[in-house]
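To keep things clear, I will list the structure first and then write my remarks on it.
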Amino acid sequence: MERMTDEPARWSQATVYPDMWVDPDSDPRNSDGVSPDGELATLQDFLTGYRLTLRMKCEGLDPEQLARRSVPPSTMSLLGLIRHLAEVERDWQNWITDGEPLPQLYGGPDGDFDGAVAEQAVVDAAYADLEREQAATDAALAEHPDLSERLGKDGFAVRELLVHRIEEYARHCGHADLLRECVDGRVGQ
């Protein structure tokens with residue numbers, strides 16, 4: 001007799017390799033096998049790949065699924081991750097400038113996760129916030145192509161800012177893997 005469970009069955013959309021998210025020919029992160037030239041281009045390529053991975057982990061879900069919390073007492077959800085990364089992108093802009101810091105998008109501690117509620121307007125706003133803040137941080141850093149240049153009040157090197165951004169997205173893509181599997185059982189890199 002098969003036991004009933006609330007856990008979704010594990011599945012993948014991929015048919016070529018069952019542990020992949022999608023088949024290689026359908027994966028927007030795949031290039032023609034040519035790696036970028038230079039350190040700056042390599043760092044930007046990794047950042048782009050992790051950004052795409054996060055979006056892929058959230059695709060095809062409705063607001064309730066995106067806002068679904070992981071394991072109590074955690075407030076983490078896929079929607080919360082989108083909001084959190086928008087907030088973090090904004091904060092990195094503060095690291096770059098000597099001026100007054102930009103205000104937080106979602107308020108106090110954990111506001112990015114606590115405000116991640118299952119409403120389409122909240123989902124749409126989170127994606128718009130993320131795109132806007134990513135573009136603003138990208139534009140600010142594009143003015144400083146020398147990876148050794150030090151920016152802001154604390155003198156962070158451009159290289160350090162780029163590596164830290166990659167680390168932040170990579171870490172949260174790992175969270176997104178587990179969150180997505182809990183939502184509908186979909187697995188893959």
Side-chain angles (χ1 to χ4, degrees), residues 21 27-29 31 36 40-69 75-147 149-154 156-177 179-180 183:
W21 188 256
D27 194 333
R29 299 167 297 181
S31 63
L40 177 58
T42 299
L43 292 171
Q44 291 169 332
D45 187 58
F46 270 87
L47 179 60
T48 298
Y50 282 120
R51 284 175 169 176
L52 279 169
T53 299
L54 180 72
R55 284 194 166 271
M56 291 169 72
K57 296 293 177 172
C58 296
E59 285 177 354
L61 299 178
D62 63 33
E64 185 281 322
Q65 291 171 313
L66 287 168
R68 193 175 298 167
R69 306 290 191 215
T75 58
M76 192 175 290
S77 67
L78 289 165
L79 179 56
L81 288 178
I82 294 167
R83 290 166 52 97
H84 172 70
L85 287 164
E87 190 77 77
V88 170
E89 288 281 358
R90 175 168 277 211
D91 191 44
W92 283 321
Q93 294 168 57
N94 291 330
W95 293 15
I96 295 168
T97 182
D98 291 324
E100 288 297 312
L102 297 167
Q104 290 185 316
L105 291 172
Y106 306 114
D110 223 20
D112 38 4
F113 288 103
D114 288 336
V117 295
E119 297 172 10
Q120 190 62 53
V122 174
V123 171
D124 295 343
Y127 278 113
D129 291 343
L130 181 60
E131 289 175 19
R132 181 189 65 246
E133 298 304 323
Q134 286 173 336
T137 307
D138 289 347
L141 283 173
E143 296 177 18
H144 306 279
D146 178 357
L147 294 174
E149 183 181 354
R150 298 206 168 262
L151 305 174
K153 294 175 249 191
D154 295 320
F156 289 104
V158 172
R159 177 183 291 103
E160 183 178 358
L161 291 167
L162 285 168
V163 170
H164 187 64
R165 290 171 85 196
I166 293 165
E167 176 273 331
E168 185 83 14
Y169 279 91
R171 183 165 48 95
H172 290 312
C173 282
H175 294 132
D177 283 339
L179 288 163
R180 180 63 187 249
V183 169

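Only this structure's heavy atoms are used, side chains among them; waters, hydrogens and symmetry mates stay out. All of these numbers come straight from a predicted model, not from anything done at the bench.
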Between Arg83 and Asp129, is there a side-chain N and carboxylate O pair less than 4.0 Å apart?
no
Ion pair present between Arg55 and Glu59, side-chain N to carboxylate O less than 4.0 angstrom?
no
Tyr50 vs Phe46 aromatic rings, parallel, tilted or perpendicular, using cut-offs 30° and 60°?
tilted
Parallel, tilted or perpendicular: which one describes the rings of Trp92 and His164, with boundaries at 30° and 60°?
perpendicular
Answer with yes or no whether the side chains of Thr53 and Arg29 bring together a donor and an acceptor at under 3.5 Å.
yes
Side-chain donor/acceptor of Glu143 to backbone N/O of Ala140, under 3.5 Å
no
Under a 4.5 Å cut-off applied to non-hydrogen side-chain atoms, are [X] and [Y] in contact?
X      : Y      : result
Cys58  : Leu66  : yes
Leu85  : Leu54  : yes
Arg90  : Arg132 : yes
Arg165 : Glu89  : yes
Glu87  : Asp91  : no
Trp95  : Leu161 : yes
Ser77  : Arg69  : yes
Leu40  : Leu162 : yes

Does the salt bridge (charged side-chain N to carboxylate O under 4.0 Å, His left out) test come out yes or no for Asp138 and Arg51, once each step is laid out?
CA-CA 13 Å; Asp138 289 347; Arg51 284 175 169 176; 3.0 Å; yes
Under the ring pair (Phe, Tyr, Trp, His ring centres under 6.0 Å) rule, what pairs show up with a residue in residues 103-124, not counting sequence neighbours?
His84-Phe113
Verify side chain to side chain donor-acceptor pair (under 3.5 Å) between Gln120 and Asp124, making sure each step is shown before the conclusion.
CA-CA 6 Å; Gln120 190 62 53; Asp124 295 343; 2.8 Å; yes
Anything under 3.5 Å between a donor and an acceptor, one on a side chain of residues 96-104, the other on a protein residue two or more places apart or in another chain? List them.
| unit_1 | atom_1 | unit_2 | atom_2 | d |
| --- | --- | --- | --- | --- |
| Thr97 | OG1 | Gly99 | N | 2.9 |
| Asp98 | OD1 | Lys153 | N | 3.2 |

Give the C-alpha distance, both sets of side-chain angles, the deciding distance and a yes or no for side-chain contact (heavy atoms from CB on, under 4.5 Å) between Asp146 and Val158.
CA-CA 7 Å; Asp146 178 357; Val158 172; over 6 Å; no
